[in-house]
Asker: 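One structure, as structure tokens, below. Some questions next.
Atoms within a ligand are numbered from 1 in the order they appear, just like the ligands themselves.
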Amino acid sequence: MKSWVPGADDSLFGLDNLPYGVFSRDGEEPRVGVRIGDFVMDASAVAAYGGDPGDGPHLAAAWDQPSLNAFLALGRPAWDTAREWLVEVLGNEVHAERTAPHLVPVAEATLHLPFVVADYVDFYCSLQHATNVGRMFRPDGDALTPNWQHLPIGYHGRAGTVVVSGTDVRRPSGQGRPGSDGGPPAFGPSRRLDIEAELGFVVGTPSTQGTSVPTGAYADHVFGVTPLNDWSARDIQAWEYVPLGPFLGKSFATSISPWVTPLAALDAARVPLPGQDPEPLPYLAVDGPAGYDIAYEIVLNGEVVSRPPYAAMYWSPAQMLAHLTVNGASLRTGDLYASGTISGDEREQRGSFLELSWGGTEPFGRDGRTFLEDGDEVVLRATAPGVLGGRIALGEVAGKILPAL
Ligand code: CA
């Protein structure tokens with residue numbers, strides 16, 4: 001399966017990848033694009049040609065939109081049809097002449113937030129991350145809370161502050177824990193600003209309030225994935241989170257990639273979970289390989305400082321979805337739920353600065369960093385095995401820290 005698009009087969013964005021985003025050039029309206037090699041294909045413009053394969057034109061209206069939401073709402077059969085059509089159009093040279101004029105170099109395109117985020121939920125699915133944080137925050141107690149191995153813990157975040165990669169992040173200000181002298185709480189710019197390397201799951205097909213989504217219906221509801229950086233202010237978080245959980249320490253910004261990778265592109269990356277003990281309740285049971293082999297890199301100011309392995313995650317995305325709806329909460333098109341920080345067994349596989357610096361006590365990297373400084377840029381990269389035997393890239397997530405106002 002080869003593409004006629006120059007360079008595509010030798011890139012990490014070949015015919016086995018084909019992520020979706022929203023793009024524009026100067027003076028143009030944002031619209032849906034599909035990444036192939038170093039180009040963005042203007043999806044609705046090509047679909048509008050009609051002809052073989054005949055299903056393309058039906059998607060033109062859904063793609064001539066400033067977000068992916070209309071396409072996401074069409075559901076699994078349309079997503080699968082679209083992928084077949086894209087492989088034909090970008091793989092069969094008979095379509096090259098009419099399609100090539102609608103390939104825009106990525107370097108000339110502005111990439112926008114790919115979908116309107118409906119509700120945003122963040123989970124806490126890495127055993128290694130939860131254990132590390134528990135050891136730091138509760139050194140005299142059990143590292144894991146009693147519920148951790150029975151349910152994927154999560155909280156509802158702030159959908160309106162999800163931003164696309166490349167958006168600068170302003171250092172937040174807020175309250176921190178009072179000093180040991182018993183004075184008032186500290187107030188000012190966060191001094192323990194952090195990242196969390198995560199994977200986000202994008203919901204297309206909604207569900208009805210009062211019903212729940214079984215694990216087996218995961219692929220009917222979830223369209224695809226996008227890497228995600230859950231920026232976190234640890235000093236604000238540590239003071240505010242008992243007993244209602246994360247609030248302002250998390251809600252100032254969450255960054256996602258401009259590209260949403262369809263689940264079908266991850267078929268070769270599916271792997272069994274590392275193992276769940278005790279066995280979860282029946283509503284959380286999963287068959288077959290429920291995890292993903294996705295290799296992350298955390299890049300701080302150009303230096304790779306960690307390589308978290310997604311395959312190490314304890315809870316699977318199908319279990320997160322089943323748990324998130326088991327009480328009858330409904331899904332909406334554009335819902336985003338995230339995995340929680342991805343951390344492996346080794347120090348150089350930890351997915352947050354909190355863990356990499358062990359609470360700020362062990363500086364890491366060439367600059368001896370503990371938490372983020374103003375001007376720091378963090379890029380998350382992720383790759384996975386592709387169905388053609390090579391690797392595919394998920395979209396990068398980049399963000400730079402601006403000083404507090
Ligand atoms: Ca998180």
Asker: Any idea how many protein N, O or S atoms are nearer than 3.0 Å to the Ca ion (ligand 1)?
Answerer: 4
Asker: Taking the six-membered ring for Trp, are the ring centroids of Trp231 and Phe252 within less than 6.0 Å of each other?
Answerer: no
Asker: Show me the side-chain donor-acceptor pairs of residues 2-9 shorter than 3.5 Å, one per line, residues at least two apart or across chains.
Answerer:
{"residue": "Ser3", "atom": "OG", "partner": "Val5", "partner atom": "N", "Å": "3.0"}
{"residue": "Ser3", "atom": "OG", "partner": "Leu90", "partner atom": "O", "Å": "2.8"}
{"residue": "Trp4", "atom": "NE1", "partner": "Val89", "partner atom": "O", "Å": "2.9"}
{"residue": "Trp4", "atom": "NE1", "partner": "Leu90", "partner atom": "O", "Å": "3.3"}
{"residue": "Asp9", "atom": "OD1", "partner": "Ser3", "partner atom": "N", "Å": "3.0"}
{"residue": "Asp9", "atom": "OD2", "partner": "Ser3", "partner atom": "N", "Å": "3.2"}

Asker: Side-chain atoms of residues 280-296: list all donor-acceptor pairs with protein atoms under 3.5 Å, sequence neighbours left out, distances to 0.1 Å.
Answerer:
{"residue": "Tyr283", "atom": "OH", "partner": "His323", "partner atom": "ND1", "Å": "2.7"}
{"residue": "Tyr292", "atom": "OH", "partner": "Tyr218", "partner atom": "OH", "Å": "2.9"}
{"residue": "Tyr296", "atom": "OH", "partner": "Glu198", "partner atom": "O", "Å": "2.9"}

Asker: For Asp345, enumerate each residue passing the side chain to side chain donor-acceptor pair (under 3.5 Å) test, keeping only those at least two apart in sequence or located in another chain.
Answerer: Gln128
Asker: Centroid-to-centroid, Trp85 to Trp63, below 6.0 Å?
Answerer: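 For Trp85 and Trp63, the ring centres are under 6.0 Å apart.
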Asker: Answer yes or no: is there an ion pair linking Asp376 with Lys400, defined by an N-O contact shorter than 4.0 Å?
Answerer: no
